[in-house]
Each structure stands twice: as structure tokens, then as C-alpha cells.
Amino acid sequence: MLIDANHLHLNLQGQTILEDVSLHLAAGEIYGLLGPNGAGKSTTIALLLGLYQADRGDLKLFDTEPRDNVALHRRIGVMPEHAGFYEWMSANDYLVWYAGLYGGLLQPVDSLLQQVGLEATGHKPISQFSRGMKQRLGLARALVHGPELLILDEPTNGLDPRGRREIHDLLLSLADERRVGILLCTHLLDDVERLCSRIGILDRGRNVAEGSLPELLGANRSGRRYRLRIRGVPDNQQLPPDLKLLRRDGDWWHVEISPTMAADPSRVWEDLLVHGWQYTEIHAESGGLETLYLQLTGAATDKQEEAA
Amino acid sequence: MKPSSLIAQKERGALLQNQRGLAWLLAYSGILSAFALLLISNKELSLLDNAQIVYMMAGTVTAAGALIAVIMGADAFAGERERGTLVPLLTAPVSPAQLLMGKALGLVSAWLLMYLLALPYLWAVGAGGQNLLQAIFYLALFGTPVVLGFGYLAMALSARSGSVLSSMLTSLIVLLFSASPLLIGPGLRNSVIGKAIDAVNPFSGALNTFDSVIIDSAPFSGQLARLALVLIWLSITFLAARVTARHPNFR
Amino acid sequence: MKHLQVLLLLAGLLLGSGLAQAANLDLQLAADPKNPSSPTMGDWMHFNSVISNTGQQAIDGLVAWISLVEVTAGHEQPMDLEDWSAHKAVTGTTLAPGGSLQTNWPVRLIKQGDYRVVISATDRNDKTVFTSPTIQFHVAQKPVVESRRILPVALGLPLFIGGLMGYRRYKQHHAG
């Protein structure tokens with residue numbers, strides 16, 4: 001296990017910041033850490049990195065209790081949310097300098113830049129980089145020493161759809177091919193659904209859910225709603241068991257997939273065809289991770305809105 | 001290369017390659033140039049005794065050096081935090097002691113550069129007069145701990161508060177307070193409170209030594225108590241920086 | 001008779017004033033023979049004083065000090081000795097009858113002009129201030145600050161750093 005954190009508590013200046021947070025990440029796994037602003041995600045990351053010490057709870061990283069931050073940091077790559085750089089340096093110089101803190105580069109700086117899509121910009125001063133380019137450079141910095149564990153805070157912020165897809169592919173290949181464990185903090189639920197095999201949701205310093213997406217959707221009975229354009233209806237008009245009709249609006253049928261199937265609706269659509277239904281379009285309306293997230297963190301959001 | 005050397009190298013780069021660092025150096029040389037030009041443009045000052053001028057220049061170098069050291073010290077942790085570069089340093093395999101050592105060495109390099117920049121000014125105003133070499137020697141001996149001490153004080157506050165503005169303002173207030181006996185004149189300096197402040201004030205210690213050795217040609221043996229004072233100042237401020245840099249404010 | 005009374009009163013007053021003048025000091029002042037013949041700014045001059053107790057009683061708490069007065073035409077003024085001398089006074093000395101105190105007064109010449117130096121003395125019990133003869137001397141101007149040295153440094157260094165800033169900016173804009 002790369003991260004084995006159980007029931008972590010943290011008080012800072014007399015205030016409870018984390019209360020009973022657990023998080024488990026194995027090699028080759030991508031873990032999505034979700035939660036509203038102020039839920040404790042960044043604090044949890046800081047705690048994992050040894051920047052804070054938990055008041056209570058058990059924490060093991062790489063199957064040992066972390067004692068020496070310097071040794072620990074050699075195995076972890078971090079991309080903070082607000083990543084800054086020494087902007088008078090070029091990307092090349094910066095990465096070489098930063099790799100020096102780890103004992104030197106493991107691969108040529110050009111290939112590292114190419115990996116994150118920054119080829120041919122290595123000699124440019126960082127001050128001339130766009131936000132998206134800085135995000136990519138932040139990822140290159142996190143990868144500079146070939147870490148076993150990557151902790152990424154909003155890594156696709158500021159990237160265009162193509163850039164986002166490239167970063168997704170890179171993260172998936174790191175997890176699959178190099179068995180890197182990735183802890184991904186993001187507000188982009190699409191990213192989590194696409195990338196993460198496990199998810200943890202924090203709310204006001206507490207774990208409100210942890211598990212795989214199907215497990216979470218099943219456990220919380222959160223269905224997923226779709227809008228289908230139906231062209232052919234079987235005589236018995238019977239829907240598959242995992243699909244419930246909510247209402248009908250001409251050709252458009254509004255349906256909900258049962259929580260147990262919400263993580264993988266493709267089987268339901270196949271089932272629909274088997275039952276003699278013909279459809280031309282499917283549109284997701286709600287449900288799934290988004291509904292679950294809103295349900296689990298709704299109380300906090302409501303209170304925040306009230307306070308505002 | 002050791003992490004502390006790499007960080008010190010980066011600090012030197014920030015001073016010599018970064019526009020902001022160069023602007024600080026420009027401001028520093030501007031202060032010394034303004035003083036030197038005042039000497040030739042003002043008849044009263046231009047007739048001052050040579051040793052007096054060298055003494056004043058040594059004091060100006062120390063004050064301007066302390067000012068730049070305060071700016072650099074305040075930027076050391078809080079500036080990195082505000083620009084988002086502190087967390088990458090704290091999550092690299094660098095211990096807090098190595099990080100502080102790198103910053104401290106960076107400040108030493110900056111002062112060395114400022115000291116070297118001051119030499120042409122000292123030569124320009126003091127060549128041919130008495131005690132120029134003593135001025136250069138005592139500026140290194142007393143100016144170094146005073147300037148670095150102010151830098152380390154700002155560094156300690158910077159690591160603790162995480163705010164460049166607050167750490168810089170607090171350090172500047174201490175610097176102004178240290179310089180206040182010189183501003184309030186000899187009358188108040190001779191009062192009990194004035195003497196008490198002088199006795200523990202590293203800035204006064206350095207200036208009194210400059211006065212004593214450059215103008216009055218006093219021997220080294222007479223400066224030992226003041227040397228101890230400035231070295232104690234340096235030790236206390238560095239210790240304070242060590243304590244706060246163990247857990248710098250990074251949020 | 002009235003004339004006689006007035007004379008006796010005057011004689012009494014004169015006698016009384018003579019008895020009150022307990023201290024009797026003689027001050028001599030001479031320039032040191034090693035002093036430069038044509039002193040200029042920055043030179044040191046030394047003055048030797050001898051203060052003698054010519055009275056019949058010992059003098060306690062003797063205070064002697066050096067004063068400098070500028071007598072340059074149009075600039076007549078007493079000088080603040082702050083930068084001129086660290087040795088400004090002798091205090092707390094006791095002089096036995098017939099005894100004397102020799103003092104060397106070093107003075108660093110800070111400013112050009114004509115000056116007079118004088119040593120004054122008094123003691124704890126007497127209100128009289130005794131002064132030495134004065135010594136006048138001229139301090140010639142010496143150009144301590146030379147613009148041919150200062151201008152290249154004071155203008156050159158900021159220009160050099162400014163040039164370095166410009167070069168760095170240019171290099172950054174044309175990099176990559």
C-alpha cells in the first residue's frame with residue numbers, strides 16, 4: 001500500500017481541521033479525492049507529506065510509518081494547486097535545478113518536457129508561459145525524479161480539452177505501465193469518473209465516502225438519470241429491471257438507472273436493445289458521481305450558501 | 001551539489017538574473033551614489049574631513065545593506081509562499097535546516113556582492129585620506145554581522161508570518177529603532193536610556209566602532225566589547241530563524 | 001568723619017574680596033614643536049598646556065577644557081569639538097600649592113579657516129574662570145572629495161546595473 005491512512009485527526013491552533021479521515025491507495029491506482037472548498041483536501045495532502053503531524057490516527061506510507069520527510073519526499077512527486085516557479089529561469093534550467101534537489105535528472109530534460117507536451121519551449125523563460133503551460137510544467141516538476149506516488153492538486157486546471165485529454169492519457173499510462181499510485185485532487189468530476197479507480201469524498205474535515213465508483217453509487221442508492229430518444233417500443237413496453245421510467249415527453253423518455261448499474265450504464269443500454277427497444281440518442285441528465293457528491297456534501301454547501 | 005548549495009545558487013540567481021533582484025541592487029548603488037554625489041555638490045560636505053566622509057560612507061553602506069537584507073529576508077520564505085514556490089521546496093527532499101542554510105548562504109552572497117560594490121565608493125570618497133584600509137576591514141568585520149543579523153531577523157519573521165509585508169514592516173521598524181539613537185542626536189544619546197539602548201544596539205555598536213577606528217584611529221582592542229555585541233546579535237537572529245524555519249507558514 | 005567711614009568701608013570690601021579669591025591659577029599654552037608648519041585639513045595638531053597653582057591653598061576638583069573659536073572673516077563662531085577632538089577636558093584633578101598639571105591636547109583639523117585655541121580652567125569652589133593665552137593658526141583647505149574619482153563611480157555603477165537589467169530583459173524577450 002502506498003498510502004494507508006486511518007482515522008486521522010488534526011487540530012491547528014485549537015481548531016479541528018481533520019476529523020477521522022481515512023485514505024487508501026495502492027500502487028498503480030488512481031485515487032480521486034473530492035470535497036467542497038475548505039473540506040480539508042489540501043490539509044490532508046499536507047499531512048501525508050509530513051508538513052503537519054496528525055494528532056491521532058494511523059498513517060503508513062509505503063508500508064512504513066513516516067519518520068524522515070527527506071527520505072519520504074524522494075518517493076513522492078507533488079503538484080500543488082497554486083504552483084509557482086522562478087519565472088526568470090527557462091523551463092529547462094528550472095527542471096535541471098529542481099532535479100538537483102533530488103540528486104539529478106533521471107531522464108533528459110527534453111524527453112521530460114515532451115512527456116508533458118512542452119517540447120520546443122524549454123529555452124523560453126517561464127514568465128512567458130501561459131497558465132496551461134505552467135500546469136504542464138508543474139506536472140513535469142512532479143515527475144522529475146520518477147516518483148512512486150504522485151499527489152496532484154487540480155492538475156488539469158487551465159488546460160484546453162485536448163490538453164486535458166493528453167494529461168489524462170499520461171496519468172493513465174503512469175498508473176498502468178509504471179505502477180505509479182496517483183492521488184488526484186480535483187473539482188472536475190468528469191476527470192474523476194474517467195481516471196479514478198477509487199474515490200474519497202471529504203466534507204468539513206471528515207470522510208463521508210470512500211470506495212470505488214460502483215461501490216459508492218450502490219451504497220448511496222444514487223441513480224443516474226438519462227434522456228433517451230426512443231424510435232421503437234416493444235409490444236409489452238417493459239423496460240429492463242435496472243431502468244425506471246420517470247416521465248415521457250413525446251419521443252423523449254426520461255429514465256433513471258439503478259444505483260448498482262450507475263457506474264457502468266453501457267450494459268443497461270445493451271439490455272434495452274435486447275428487450276426490443278430502439279433508441280437514437282442518449283443524453284446524461286444527472287446522477288452518478290455528481291448526484292452522489294451533491295448529496296454527500298449538500299449539507300455543507302447549503303450552510304455555506306446560507307452564510308453567504 | 002548539496003541542496004543548501006543549490007538553494008543558495010538559486011538565491012544568487014534571483015539577485016543577478018531576476019529583474020527584481022537587479023532592481024534591489026540598483027536601489028542600493030543608487031543610495032550610495034546619491035550620498036557620494038551629495039558630497040561633491042554640497043560645499044559644506046565637500047569640505048568635511050576625509051576620515052569623517054569615509055566613516056559616513058561606511059555607515060551608509062551598513063544601513064543600505066541592512067535595508068536590502070531586510071527585503072531579501074522578508075522575501076525568503078513569505079515571498080516563496082506568496083509566489084507558490086515554497087511548497088515545491090518543502091516537498092522536495094530538503095530538510096528545514098538545509099532550506100534555511102541555503103537561504104542564509106544566499107544572503108551572505110548578496111551582502112558580499114553589496115560589500116564589493118561599496119569598495120569603489122569607499123575608494124572614491126576616501127582615497128588619499130587616513131584609515132581607508134581600516135574602514136574596509138572594519139566594514140567587513142562589523143558590517144557583516146549587523147547586516148546579516150537584520151536579514152536573519154526578517155527571515156525568522158517571514159517563515160513565521162508567511163507575509164512579506166508584515167515581516168518586512170516589522171523588521172524595518174526594528175531597523176529604524178536601532179538607528180534612532182543616531183537620529184536623535186548626541187544629547188539624547190548621552191541620557192541614561194540613550195546609553196542603555198546604545199549598549200545593546202548592534203547598529204550603534206558598528207557605527208561607534210567606525211567612528212572610533214576611522215576618525216579617532218583607536219586600536220582593535222578597544223572594539224572587542226562591540227564586536228561581541230554584533231556577534232551576539234547575529235547569533236540570536238540566526239537562532240530565531242532556525243526555530244521558525246522548522247515549521248514555516250506555507251498555507 | 002563721614003569721609004573716614006566711607007574709606008573704611010571701601011577698604012573692608014577690598015580686603016574681603018581678596019580673602020574670597022582662594023584659587024589662583026596660572027595657565028600657559030604652547031603649540032607642540034612637531035606641529036606641521038602649514039597645517040591643512042586632516043592634519044593633527046597638538047597643544048601643550050601647563051596649569052600651575054600659584055596660590056597658598058590646594059585646589060580640589062580642577063576642571064580644564066579646550067575651546068576652539070573660528071575667527072575667519074565672516075564666519076566668527078565657537079566650534080563644536082565633536083569631530084575635532086576626543087580629548088576635550090581634564091576633570092577632578094587636585095593641585096597642591098605650587099603644583100602644576102601638564103596636558104597635551106590633540107586636535108584634528110576638520111575644516112579650513114582661521115582658528116584660536118584656548119584652555120580654560122576653574123575649580124569646584126571658586127567661581128572664577130582662568131584662561132590661557134590663545135594660539136591662533138590657519139587651516140588650509142585640502143580637497144578631500146575629488147569629483148574626478150567620485151563621478152565615474154557614482155554614475156558608472158548604477159548605469160552598469162541598469163545596463164545589466166536591460167540586457168537580461170532583452171535576452172528574456174529573445175529567448176526560446
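What you see is a predicted model; the values in this text were computed from it and never measured.
Taking CE of C:M165 as the start and CG of B:L16 as the end, the distance is 12.0 Å to the nearest 0.5 Å. Annotation: the span from C:R108 atom CZ to B:Q52 atom CD amounts to 9.0 Å, rounded to 0.5 Å.
Closest approach of C:P158 to B:Y121, counting heavy atoms only: CD-OH, 3.8 Å. Minimum heavy-atom separation, C:V153 to B:S33: O-OG, 4.4 Å.
Residue B:R20 qualifies as enclosed at atom CZ: its count of foreign heavy atoms under 6.0 Å is above 12. Residue C:Y167 qualifies as open at atom OH: its count of foreign heavy atoms under 6.0 Å is 12 or below.
Using a 4.5 Å cut-off between heavy atoms, B:A27 does not touch chain C at all. For a residue to count as touching a neighbouring chain, one of its non-hydrogen atoms must lie under 4.5 Å from one of that chain's; by this rule C:W84 does not touch chain B. Residue contact with chain C, scored on non-hydrogen atoms closer than 4.5 Å, involves the backbone and the side chain of B:L25 alike.
By the salt bridge (charged side-chain N to carboxylate O under 4.0 Å, His left out) test, B:R83 is found to be paired with B:D75, residues two or more places apart in sequence or in another chain being considered.
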Which is it for C:R168 and B:L22 under the side chain to side chain contact (heavy atoms under 4.5 Å, CB included) test, yes or no, and what are the steps along the way? CA-CA 10 Å; C:R168 296 285 329 164; B:L22 286 170; 3.8 Å; yes
The test is side chain to side chain contact (heavy atoms under 4.5 Å, CB included); show your working for C:I161 and B:L117 and say whether it passes. CA-CA 11 Å; C:I161 297 171; B:L117 272 176; 4.2 Å; yes
